[in-house]
Amino acid sequence: MHTNIHALLSLACFALVFNAFYVSGIGSQPRSLSLNCGSESGGTDGDGRKWESDVKYIAGNYPHARAQYQDSSIVSEVPYMDARIFRSEVTYNLPIMLKTRYWLRLYFYPSEYSGLNIANSYFSMVAGGVTLLNNFSASITAQALTQAYLIKEYSLAPMNHQILNVTFKPADRPDAFAFINAIELVPMTDLFGSGTMVGFADQNFDAVSANLETMYRLNVAGQYISPTKDSGNLTRTWYNDAPYLFGAATGVNLQTNESFKVQYGELTESVAPPDVYRTARGMGYHKDLNLAFNLTWLFQADANFTYVVRLHFCEFQLTKVNQKVFNIYINNQTAQVEPNAADIIGWTGEIGVPTYKDYAVFVKDRLGDEEIRVDLHPATYSKPEFYDATINGIEVFKMSDRNNNLAGPNPALSEMQAQHMAKASNKKFQKDHKTLTIVGTAGGVGFFFVAAACIAAYRRKKIIPGFDSHTSSWLPVYGNSHTGTKSTISGKSTQSGHISSLAQGLCRHFTLPEILRATKNFDDSNVIGVGGFGKVYQGVIDQTTKVAIKRSNPQSEQGVNEFMTEIEMLSKLRHKHLVSLIGFCDEDGEMCLVYDYMALGTMREHLYNTKKPRLSWKQRLEVCVGAARGLHYLHTGAKYTIIHRDVKSTNILLDENWVAKVSDFGLSKTGPDMDKGHVSTVVKGSFGYLDPEYFRRQQLTEKSDVYSFGVVLFEALCGRPALNPNLPKEQVSLADWALHCQRKGIIEDITDPHVKGEITTECLKKFADTAEKCLAESGPERPNMGDVLWNLELSLQLQDNPDGSKHSSKGEGSETSEESLRNRNLEMHYSNLSLGSNSEKTAGSDDSGEIFSQIVNPKGR
Ligand SMILES: *[C@@H]1O[C@H](CO)[C@@H](O)[C@H](O)[C@H]1NC(C)=O
Ligand SMILES: *[C@@H]1O[C@H](CO)[C@@H](O)[C@H](O)[C@H]1NC(C)=O
Ligand SMILES: *[C@@H]1O[C@H](CO)[C@@H](O)[C@H](O)[C@H]1NC(C)=O
Ligand SMILES: *[C@@H]1O[C@H](CO)[C@@H](O)[C@H](O)[C@H]1NC(C)=O
Ligand SMILES: *[C@@H]1O[C@H](CO)[C@@H](O)[C@H](O)[C@H]1NC(C)=O
Ligand SMILES: *[C@@H]1O[C@H](CO)[C@@H](O)[C@H](O)[C@H]1NC(C)=O
Ligand SMILES: *[C@@H]1O[C@H](CO)[C@@H](O)[C@H](O)[C@H]1NC(C)=O
C-alpha cells in the first residue's frame with residue numbers, strides 16, 4: 001500500500017513537471033522552442049517570429065544581462081540584446097519528443113554586458129551527450145569572421161529521452177563565464193540517410209543516427225532565403241553561393257520562368273524550398289570552353305572530421321537522358337564520374353523533379369588550409385548532347401567524431417585583429433566607453449566553424465555502421481605535420497585570420513610622427529579631398545614619394561569599420577586598375593590610410609564642370625576599360641567576390657599616365673550580401689548611381705556595381721553629372737534620361753559636344769548599348785563585368801578601326817566576327833583563370849588583362 005502511494009505520488013510529481021514542459025500537451029504536433037535567453041518576457045523578432053523567456057527551462061536563478069550596444073547589423077533587438085550569463089555549470093532542460101530529430105540553434109552576440117569583459121568568456125557546451133563547443137570564445141570567433149553575431153546550427157539525432165539537457169560550462173580559467181542570447185529547438189523530419197564515402201568506392205556512410213553541424217547551406221545562383229521562407233517549417237537559412245566559388249570561371253546563372261513548377265515526386269518539400277531548385281549554376285554555352293575548366297566551390301573545413309556534402313539538382317531545361325552528363329569530384333577524388341557520371345534526367349526521369357545526392361568525405365589534417373572542394377566537369381564518355389554541368393544547391397554538414405564531438409579550437413586572429421580587440425576592450429574597461437563592438441561587419445552572418453578537439457568517449461559505430469571493428473584503419477592516421485593554431489575561417493569573410501596576416505605583411509605600418517611630418521601636421525593647405533570617411537591630404541614620405549593620406553574622423557564608429565574594411569580589402573588586392581594601399585597608421589586614436597598619389601585626380605574632374613583639360617573620347621574609352629577591368633577583377637579575380645558598392649566617377653582615379661584606378665573600398669563587401677535584414681538598415685552608395693533593384697529589394701549582388709558603372713559610362717558619354725537638379729525634371733537623373741534617349745535612338749542628341757565629333761558611329765552604338773544593358777531593371781538581365789569589359793574593349797576597337805567592321809555588311813557578317821572574337825577572347829580568358837584565381841596578390845590577372853587587350857585589339861600584337 002505504502003509503496004503504491006509513493007509510486008502514485010511520484011507519478012503525480014512527474015506529471016506536474018511534465019505539464020510544465022509540455023504546454024501544448026502530449027500527443028499534439030511536436031512544437032518548436034524559441035528561447036530569448038535572459039529576457040523576462042520573450043518578444044517578437046524582425047521576421048515576426050515569437051520568442052519566449054528561458055526562465056522555465058533552467059532550475060535556479062541566473063543573472064540576465066542586456067547588451068549595452070546594438071550593432072548596426074542587428075536589425076531586431078529580439079533575440080540578440082538579452083543574454084543569460086553563467087559563471088558555473090548550468091543545464092537547460094528542454095522538452096523534446098521521443099525519436100525525433102531536432103535542429104538546435106545557438107545565437108551568440110558577443111557584446112558588452114553589465115561590465116563583463118566579453119574577451120574572458122570561454123566555455124564548453126554539451127547537448128544530449130554531444131559536445132558542441134569546447135573552450136569556445138564567441139568574441140574571438142566573431143572577430144575572426146568580422147561578424148557582430150553568430151548563429152550555430154546543429155542537427156541532433158533522435159533520442160530516447162523526453163528531455164534534452166543542454167549544459168553550459170565556463171572554462172577553467174580566471175574570470176571565465178558562459179553566455180547565450182538565444183536557443184532554438186525545431187523538430188525536423190529525417191533529412192539524413194546514407195550515401196557514398198568519397199575515395200572509398202565500395203563503402204557507404206550512414207547519417208541516419210548521426211549528430212551533425214551545418215557548415216554551409218547555399219542556394220546556388222539564387223537569392224538569400226530567410227528562415228520564414230524555408231520549407232517544412234524548418235526555419236533554415238539559405239545563402240547565395242558566389243562567395244564560395246573558386247576562380248574567375250563562375251559559369252552562368254540559370255533560372256526557371258515564372259510559371260515553372262517544381263514537382264517534388266519522391267522527395268518531400270522539407271528537403272529544400274522550391275526556390276532552391278528554380279535557380280542553378282551552369283558552365284556556359286560554349287562546348288569547348290566548358291571542357292577547359294571546372295566549376296569549383298571551395299569551403300574551409302576542420303581537420304579530422306567527416307563531412308556530408310549534399311548536392312541538390314533539378315533539371316529545368318532538358319528533358320532527355322544523356323543530354324547533359326557531368327563528373328563530380330570532391331576533394332579531387334571521384335564522387336560521381338564516368339561511366340557513372342551525373343545525369344539529372346537519368347536520376348529523376350523528368351524535367352522539374354528535384355533530387356539530391358549525399359557524399360561523405362573525410363578531411364585530413366594536411367599542411368595548409370583544410371578545405372572541401374567540389375568540382376563539376378562535363379563528361380564526354382557517353383557523347384552527351386551538351387558538354388555542361390548544372391547544380392542547384394549545396395549543403396555541407398560536419399558529422400560528430402567517434403567521441404561524439406563536434407567542437408574545435410577557436411580560429412586564430414591576425415595580429416591586427418588581436419591588437420584591435422585588446423585595444424577596444426582596454427579602452428572600454430578603463431573609461432567605461434561603449435566601443436567594444438566587433439570591428440567590421442563586412443561579412444554576412446552565416447555558419448562558422450572551428451577545428452577539432454576530443455572529449456567524451458563514444459563509439460563511431462553508431463554513425464558509420466560496419467566500421468566499429470576497425471575504426472582507425474579506414475581513417476588514415478596522419479602525423480601532426482604542422483604546428484600552431486590554424487586559422488579556420490568562413491569563406492565569406494575577407495577580414496579573416498590569414499588574410500589579415502597577409503594584410504600585415506603587405507602593408508606598411510606608419511607611425512603617427514611619420515604621418516604628421518608627411519602632411520605638415522594635417523595642414524589644411526594639403527587637403528585634396530573630403531569624403532564621408534574624413535579628409536584626404538597629399539603628402540610626401542621617404543623624402544620623395546608622393547602619397548595621398550586619408551584621415552579618419554575618430555568620432556565615427558562607422559569610420560572605424562570602413563577603415564578596417566578598406567585595409568583588409570585593399571592590402572590583399574594588387575591590380576593595375578585598383579588604387580594601391582601603401583600602408584596605414586593606427587595610433588593615439590588617429591587612423592590614416594596611405595595610398596599611391598593619383599596625380600591626375602578623379603575621372604569626374606576631367607569630364608565636366610572643370611577647368612582641367614577634358615578627356616578626349618579615346619581617353620574616356622580607355623579610362624572606362626581600365627575601370628571595368630578593375631571591377632571585373634574585384635568581382636571574379638579574387639578568391640571571393642568583392643562588391644565595391646560605391647562605383648562613381650569620383651571613385652575612379654587617374655595616375656600620371658591616365659591609367660584608371662578604382663578606389664574607395666570603405667563600403668565594399670565580399671559576396672552578395674547574405675542577409676536581407678542585415679542590409680535593410682544600411683543600403684549605401686551614392687545617389688544617382690544606386691541600383692534601384694538593390695534599393696527596392698535590399699539585396700546586394702555584384703550586379704549593383706554593374707548598374708552604377710552603367711551610370712559612369714553615360715557620364716563619360718554625355719559629360720554631365722549623374723544627378724543635376726537644375727535640369728527639367730525628366731532630365732535630372734542621368735540614368736533615366738540617357739536610357740530614355742537611348743531607347744528612342746537619339747543618344748547622339750545628349751552626347752557631350754566636346755567629344756561628339758570624335759566618336760565613330762559603330763563605337764557609339766556599341767558603347768551606348770553596353771551602358772544601356774548595365775542599367776537593366778533587374779540584376780540578372782544586366783551583363784556581368786566581364787561582358788561589360790569585353791564590350792568596351794570592342795567599342796575601343798571600333799573607335800580605332802571602324803573600317804574593320806564597315807567592310808562586313810551589317811548583320812550576319814559582323815555578328816560572326818564578333819562571335820569568333822568573343823570566343824577567342826573567352827578562351828584566352830579562361831586559360832588564364834588559374835593565374836588570377838588562386839593568388840590575388842600576384843600580378844597574374846593583370847597579365848591576363850594585357851593579353852585580353854592584345855586579342856581584342858589586333859594592332860596591339
Ligand atoms: C538531465 O538533467 C537532469 C537534472 O538536471 C537529470 O535528472 C537527468 O537525468 C538528465 N537527463 C539526461 C538524459 O541526461
Ligand atoms: C508548418 O506549421 C503549420 C502551423 O504550425 C502547420 O499547419 C503545417 O502543417 C506545418 N507544415 C509542415 C510541413 O510541417
Ligand atoms: C516556362 O517553362 C516551361 C518549361 O521549360 C515551358 O513549357 C513554358 O512554356 C514556359 N512558359 C513561359 C511563359 O515561357
Ligand atoms: C586539389 O587539387 C588542387 C589543384 O591541384 C590543389 O590545390 C588542392 O590542394 C587539392 N585539394 C585536395 C583536398 O587535395
Ligand atoms: C577538374 O577537377 C578534377 C578533380 O579535382 C581534376 O582532376 C581536373 O584536372 C580538373 N579539370 C580542370 C580542367 O581543371
Ligand atoms: C582556449 O582558446 C584560446 C584561444 O584560442 C587558446 O589560446 C587556449 O590555448 C585554449 N585553451 C585550451 C585549454 O585549449
Ligand atoms: C588529427 O588527428 C591526428 C591523428 O590523430 C592528430 O595527430 C592531429 O593533431 C589531429 N588534428 C587536429 C586538428 O585535431
Side-chain angles (χ1 to χ4, degrees), residues 13-14 17 21 57-60 89-96 98 119-124 126-131 133-144 156 158-174 176 198-199 246-249 251 283 288-298 326-338 341 361 371-380 387 389 407-414 417-418 421-422 450-456 484-488 497 827 830-835 837-838:
C13 276
F14 180 72
V17 172
F21 288 144
Y57 306 96
I58 28 173
E89 184 173 324
V90 173
T91 299
Y92 277 88
N93 306 125
L94 308 177
I96 50 170
L98 285 176
N120 289 333
S121 171
Y122 282 89
F123 57 97
S124 63
V126 177
V130 186
T131 303
L133 300 171
N134 184 35
N135 187 38
F136 172 68
S137 165
S139 71
I140 290 180
T141 310
Q143 180 85 356
L156 300 178
M159 284 176 214
N160 290 323
H161 313 284
Q162 288 181 304
I163 302 292
L164 173 69
N165 285 351
V166 178
T167 303
F168 290 78
K169 188 176 178 196
D172 188 13
R173 53 194 287 161
V198 173
F246 180 72
M283 300 190 78
D288 298 337
L289 295 183
N290 292 354
L291 283 179
F293 77 103
N294 282 353
L295 264 187
T296 305
W297 291 260
L298 209 54
F326 52 94
N327 293 331
I328 303 172
Y329 304 90
I330 295 181
N331 278 7
N332 299 345
Q333 294 173 314
T334 56
Q336 195 89 51
V337 301
E338 41 207 344
V361 60
E371 62 198 20
I372 296 172
R373 183 187 169 107
V374 176
D375 281 289
L376 303 185
H377 188 75
T380 53
Y387 290 165
N410 296 306
L413 286 181
S414 73
Q417 285 173 328
M421 195 159 150
V450 276
C454 309
I455 297 191
T485 10
K486 278 148 300 221
S487 151
T488 52
E827 236 165 280
Y830 282 133
S831 65
N832 275 293
L833 293 183
S834 48
L835 280 176
S837 55
N838 206 357

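The residues of the chain are indexed from 1 along the displayed sequence. Start at 1 and go down the list; that is how both ligands and their atoms are numbered.
A donor-acceptor contact shorter than 3.5 Å is absent between the side chain of Asp375 and the backbone of Tyr329.
The two atoms that bring Ala176 and Ala171 nearest to each other are CB-O, 3.3 Å, heavy atoms only. Taking each heavy atom of Ile58 and Thr91 in turn, the nearest pair found is CG2-O, 3.5 Å.
Annotation for ligand 6: atoms under 4.0 Å from non-hydrogen atoms of Asn135 are 1 (C), 2 (O), 3 (C), 8 (C), 10 (C), 11 (N), 12 (C), 14 (O). Atoms of ligand 5 found under 4.0 Å from any heavy atom of Asn332 (numbered from 1 in listed order, with element): 4 (C), 5 (O).
Contacts with ligand 5 closer than 4.0 Å are made by side-chain heavy atoms of Asp375 only, the backbone lying farther away.
Considering backbone and side-chain atoms together, Asn294 places an N or O closer than 3.5 Å to an N or O of ligand 5. Polar contact check, Tyr122 against ligand 6: no nitrogen or oxygen pair lies under 3.5 Å apart.
The immediate protein surroundings of ligand 1, defined as residues with any heavy atom under 4.0 Å of it, consist of Asn93, His161, Asn165.
Asn135 pairs by the side chain to side chain donor-acceptor pair (under 3.5 Å) definition with nothing, not counting sequence neighbours. In this structure, the side chain to side chain contact (heavy atoms under 4.5 Å, CB included) partners of Ala389, at least two apart in sequence or on a different chain, are Met283, Phe326, Leu376. The side chain to side chain donor-acceptor pair (under 3.5 Å) check on Asn165 picks up Asn93, with sequence neighbours excluded.
Ring pair Phe136/Phe123 is perpendicular by interplanar angle, where above 60° counts as perpendicular and below 30° as parallel.
Checked by atom type, the side-chain pair Asn327/His377 shows no donor-acceptor distance below 3.5 Å.
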